[in-house]
Enquirer: 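The following block contains the structure, expressed as structure tokens.
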Amino acid sequence: MPNSVRVRFAPSPTGPLHIGGVRTALYNFLLARKLGGTFILRIEDTDQARFVPGAEDYILESLAWLGISPDEGIGIGGPHEPYRQSERKEIYKSYAQKLIESGKAYYAFDTSEELDAMRALFESKGSAFQYNAVTRVKLRNSLALPKKEVEQLLANNTPYVIRLKVPAKGEIRFQDVIRDWVHVHTSSIDDKVLMKSDGMPTYHLANVVDDHIMQISHVIRGEEWLPSAPLHILLYQAFGWTPPQFAHLPLLLKPEGNGKLSKRDADLGGFPVFPLEWKDPQTGAISKGFKQEGYLPEATVNFLAFLGWNPGTEQELFSLKDLIEAFSLERINKAGAKFDVKKAQWFNQQYLKQHGAKELAATYLPSLEAEKGEAYVHLFLDRITFPQDLLSMVEDFLAIPDSYDADVLASKWNSETKRALELLLEILPSCTSWHADDIKQTIQQRLETAGIKMGKVMQLFRVALSGKGAGPDLMISLELWGKDQVLARLRQALDKFPTLS
RNA sequence: GGUCCGUUCGUCUAGGGGUUAGGACACGUCCCUUUCACGGAUGAAACACGGGUUCGAUUCCCGUACGGACUACCA
């Protein structure tokens, strides 16, 4: 099956997985599932300096939480092990060597300091330094130095890097699935480092070699990679390989203003940009996670999927299964999408309501007996965004009021309503059945007999019992509080309400 | 600075040479409700600008503006 779809998500373990990365993983996963292909998880840990312990597990856990499960790679295994690039060091080395032998790449001995100095020099002259066809002849590399000297340097174990010999002239073109044809002149590409002096490959080499070896059919990645895509094409050409299809995804933008969504925006806006909570092992700083903030995985997936893609229909709610069904690369947008917390919350509400009261009660109100818990869920489900709101609502509901809504008091508290509340205090104990419907009937009848309109006193009654001018169904509230509690609260209110002159 | 990419309501977006430019979030109003929320209805709200091409351009082309990404021995 040489034409089968094989896609990969290839994050580097440098910290918590950014939500934009999660979306990239999602799209890769969706395409694979849609087309019956394989979704591979590969870890790009070729930067030893930026390695962060725990980051790889974090990636695994995040994907698992959202149901984006790889078919092959880290944590699963597969025909192309290992899937951690640091463990594939020798492979890249041999491929780099091939490029040296075929004259497509060369050794460069310039130190970082020398290059920094060179950049500073060019900058002072108002131009930008590029390691390319015109400058490389004057630099310390195997193309410019006499052969003997190069051999000497290598024999002395002088640190070196391997650079790609980018042709001076030519045009690179490739057809991006999302952006169509992209053209770039080789003159604007510099001789990128392929192998670093520590023996590790750079992203560019490792990614091309692995994608080829692992027979990746579609490279779906963020737009930030678009500028280096021509370089990758050049690499495929240097190896004589057929490049995969490229699809460069639009960026996730910050909610206010412009620019890439960053952790800073999250902290400022009080919303998460990471799937799971993350504690920085160095500083101990905690970054919020969607999960811990109360976002459901289905909501997170649905919200994320719609940032840059849409089905072309008016349906908004999509399960992972629905997404697989509807997904196509062609319907991905070109322009960046701003992250809208409000929309994310709306999705969460929608999915929250889809969960059964029994399940929500058991999960989020575990300290309550099942029947009671479910009753509370029914009472509050329409007014919460996050499941943990349930608990705070219940706590609030159960708390005896210590203050009363001043506005309602000012407009509704008078001798007539006072009489009504006192009457209620008399009526309530006579309720033989303490169920919402029966209580309502009793109250209705007795107030009517006394010539008092329900509408005139009910809000005040609510304030008397809860302290608040608004809230869930009052009769069901009464039932849940219980008769004794209601009477106690009513007495307290009558006692604490301001004296009428 | 250079290279590349982008631009439809405030936001996510549909659409695409002739449409009352559609939906969703948020917002306003109304209905439901003793209240709030939910729900329902409804309203306000957009084709960045300038040139072409065309009978006709928001749609195609070219510029301009604006925005963004990239520009490391990071990914």
Side-chain angles (χ1 to χ4, degrees), chain A residues 10-14 21 44-50 85 108 110-112 115-116 119 123 126-131 159-163 176 178-179 182-185 187-190 192-204 206-207 221-230 248 250-251 253 255-260 303 306-317 331 333-347 349 353 379-384 405 408 440 444 453-463 466 468-475:
Chain A
S12 45
T14 52
E44 312 226 329
D45 57 346
T46 54
D47 186 349
Q48 298 170 319
R50 292 208 307 159
Q85 292 188 325
D110 319 83
T111 63
S112 299
L115 292 174
D116 286 346
R119 281 187 199 99
E123 203 173 319
S127 61
F129 169 72
Q130 244 199 334
Y131 208 119
Y160 65 85
V161 299
I162 294 178
R163 285 180 182 272
D176 187 274
I178 296 167
R179 285 148 216 284
V182 177
H183 312 244
V184 180
H185 287 94
S187 61
S188 66
I189 302 171
D190 58 357
K192 279 273 160 6
V193 170
L194 263 23
M195 289 295 287
K196 302 183 256 187
S197 56
D198 65 0
M200 279 289 188
T202 57
Y203 168 83
H204 306 295
N207 139 273
R221 80 235 291 196
E223 191 187 329
E224 66 269 26
W225 291 109
L226 196 51
S228 49
H248 289 95
L251 257 18
L253 272 19
E256 306 281 339
N258 293 299
K260 219 163 145 179
F303 168 67
F306 269 63
L307 248 30
W309 173 88
N310 80 86
T313 65
E314 288 182 359
Q315 186 183 343
E316 299 276 337
L317 265 21
R331 292 203 65 89
N333 281 95
K334 294 188 210 322
K338 287 190 182 179
F339 185 92
D340 181 3
V341 203
K342 281 280 195 295
K343 191 95 177 217
Q345 293 178 347
W346 178 79
F347 274 115
Q349 269 173 16
K353 283 190 218 166
L379 194 61
F380 296 123
L381 190 55
D382 281 340
R383 34 212 339 129
I384 60 169
D405 187 299
V408 176
K440 185 174 182 178
Q444 219 159 16
K453 287 215 168 69
M454 278 268 280
K456 291 230 163 188
V457 290
M458 292 322 271
Q459 198 184 10
L460 189 69
F461 189 32
R462 171 188 297 284
V463 170
S466 72
K468 297 178 188 62
D473 188 282
L474 192 53
M475 295 306 147

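Here is the naming used below: chain letters follow the sequence lines, and residue numbers restart at 1 for every chain. Computed from heavy atoms alone, side chains included, the values below leave out hydrogens, waters and symmetry copies.
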Enquirer: Would you measure the distance from the C1' atom in B:A57 across to the matching atom in B:G50 and give it in whole Å?
Expert: 14 Å
Enquirer: Looking only at atom types and distance, does a side-chain atom of A:Ser466 sit under 3.5 Å from a main-chain N or O of A:Lys468, one as donor and one as acceptor?
Expert: yes
Enquirer: Specify the separation, in whole Å, of atom CD of A:Gln349 and atom C1' of B:A26.
Expert: 12 Å
Enquirer: Would you indicate which nucleotide in B:C4, B:U11, B:A26 comes nearest to any side-chain atom of A:Val184?
Expert: B:C4
Enquirer: Taking only the C1' atom of each, what is the distance from B:U54 to B:C60 in whole angstrom?
Expert: 10 Å
Enquirer: Now, which nucleotide makes the Watson-Crick or G-U wobble pair with B:C4, with each of the two distances under 3.5 Å?
Expert: B:G68
Enquirer: I want to confirm an ordering. Mapping A:Gln459 and A:Gly312 to their closest nucleotides on RNA chain B, which one lands closer to the 5' end?
Expert: A:Gly312
Enquirer: What nucleic acid atoms does A:Arg221 come within less than 4.0 Å of, heavy atoms only: base, sugar-phosphate, or nothing?
Expert: nothing
Enquirer: Is any side-chain nitrogen or oxygen of A:Asn310 closer than 4.0 Å to OP1 or OP2 of B:G15?
Expert: no
Enquirer: Could you give the distance separating B:U11 and B:A48 at their P atoms, to the nearest angstrom?
Expert: 12 Å
Enquirer: Hunt down the Watson-Crick or G-U wobble partner of B:A45, both distances under 3.5 Å, from any strand shown, or write none.
Expert: none
Enquirer: Whole angstrom is fine here: how far is it from CG in A:Leu307 over to C1' in B:U13?
Expert: 11 Å
Enquirer: Which residue lies toward the 5' end of RNA chain B, A:Asp340 or A:Ala470, if each is placed at its nearest nucleotide?
Expert: A:Asp340
Enquirer: Looking at A:Gln444, I want to see if its CD is surrounded by more than 12 non-hydrogen atoms of other residues, nucleotides or ligands under 6.0 Å.
Expert: yes
Enquirer: When you measure from the side chain of A:Asp340 to the backbone N and O of A:Pro255, does any donor-acceptor pair fall under 3.5 Å?
Expert: no
Enquirer: Regarding A:Ala128, tell me which of base, sugar-phosphate or nothing describes its non-hydrogen contacts under 4.0 Å with the strands shown.
Expert: base
Enquirer: Would you mind classifying the nucleic acid contact of A:Glu44 as base, sugar-phosphate or nothing, using non-hydrogen atoms under 4.0 angstrom?
Expert: sugar-phosphate
Enquirer: Would a distance-only check, ignoring hydrogens and angles, find a side-chain to backbone donor-acceptor pair under 3.5 Å from A:Asp176 to A:His248?
Expert: yes
Enquirer: Could you work out the separation of B:U13 and B:U8 based on their P atoms and round it to a whole Å?
Expert: 9 Å
Enquirer: Mind checking if A:Ile189 touches a base, just sugar-phosphate, or nothing, with heavy atoms under 4.0 Å?
Expert: nothing
Enquirer: Taking the minimum atom-to-atom distance to the side chain of A:Leu474, which one of B:U11, B:U34, B:U7 wins?
Expert: B:U34
Enquirer: Go ahead and name the base partner of B:C32; Watson-Crick or wobble counts if both distances stay under 3.5 Å, otherwise write none.
Expert: none
Enquirer: Expressed as a whole number of angstroms, how long is the span from A:Leu379:CG to B:C38:C1'?
Expert: 12 Å
Enquirer: Please work out whether the ring planes of A:Tyr203 and A:Trp225 are parallel, tilted or perpendicular, with thresholds of 30° and 60°.
Expert: parallel
Enquirer: Is the backbone N or O of A:Met200 less than 3.5 Å from a side-chain atom of A:Thr46, with the two atoms forming a donor-acceptor pair by type?
Expert: no
Enquirer: Can you measure A:Phe347 atom CZ to B:A26 atom C1' for me and round it to whole angstrom units?
Expert: 14 Å
Enquirer: For the NZ atom on A:Lys456, are there more than 12 heavy atoms of other groups (residues, nucleotides or ligands in this structure) within a distance under 6.0 Å?
Expert: no
Enquirer: In whole Å, I'd like the distance from the CZ atom of A:Phe306 to the C1' atom of B:C12.
Expert: 9 Å
Enquirer: Report yes or no: does A:Arg462 contribute a side-chain atom to a donor-acceptor pair with the main-chain N or O of A:Asp473 at less than 3.5 Å?
Expert: no
Enquirer: With C1' as the reference atom in both, quote the distance from B:C12 to B:C27 in angstrom, rounded to an integer.
Expert: 16 Å
Enquirer: Report which part of the nucleic acid A:Gly308 touches: base, sugar-phosphate, or nothing (heavy-atom distance under 4.0 Å, all strands).
Expert: sugar-phosphate
Enquirer: For A:Lys343 and B:C12, give me the distance from atom NZ to atom P, rounded to whole Å.
Expert: 10 Å
Enquirer: Using the P atom as the point on both nucleotides, what is the distance between B:G43 and B:G22, in whole Å?
Expert: 11 Å
Enquirer: Hey, is the main chain of A:Gly469 close enough, under 3.5 Å, to the side chain of A:Gln459 for a donor-acceptor pair?
Expert: yes
Enquirer: In whole angstrom, give the distance that lies between atom NZ of A:Lys456 and atom C1' of B:U35.
Expert: 16 Å
Enquirer: Quick one: label A:Lys353 by what it contacts on the DNA or RNA (base, sugar-phosphate, nothing), any heavy atom closer than 4.0 Å.
Expert: sugar-phosphate
Enquirer: Once you apply a heavy-atom cut-off of 4.0 Å, does A:Val182 come out as touching a base, just sugar-phosphate, or nothing?
Expert: sugar-phosphate
Enquirer: Output one letter per nucleotide in nucleotides 64-74 of chain B: B when a protein non-hydrogen atom lies under 4.0 Å from the base, S when only the sugar-phosphate is that close, - when neither is.
Expert: ---SSSS--BB
Enquirer: Can you tell me the base-pairing partner of B:G18? Count Watson-Crick or G-U wobble geometry only, both distances below 3.5 Å, and say none if there is no partner.
Expert: B:C55
Enquirer: Does A:Arg462 have a side-chain nitrogen or oxygen under 4.0 Å from the phosphate oxygens OP1 or OP2 of B:U33?
Expert: no
Enquirer: How would you label the contact of A:His183 with the nucleic acid (heavy atoms, under 4.0 Å): base, sugar-phosphate, or nothing?
Expert: sugar-phosphate
Enquirer: Salt bridge or not between A:Asp47 and A:Arg50? Use side-chain N to carboxylate O under 4.0 Å.
Expert: yes
Enquirer: Considering Watson-Crick and G-U wobble pairs with both distances under 3.5 Å, what does B:A24 pair with?
Expert: B:U11
Enquirer: If the P atom of B:A75 is compared with that of B:U58, how far apart are they to the nearest Å?
Expert: 47 Å
Enquirer: Pick the C1' atom in B:G23 and in B:G15, then give their distance to the nearest Å.
Expert: 11 Å
Enquirer: Could you check how far CD1 of A:Ile178 sits from P of B:U7, rounded to whole Å?
Expert: 13 Å
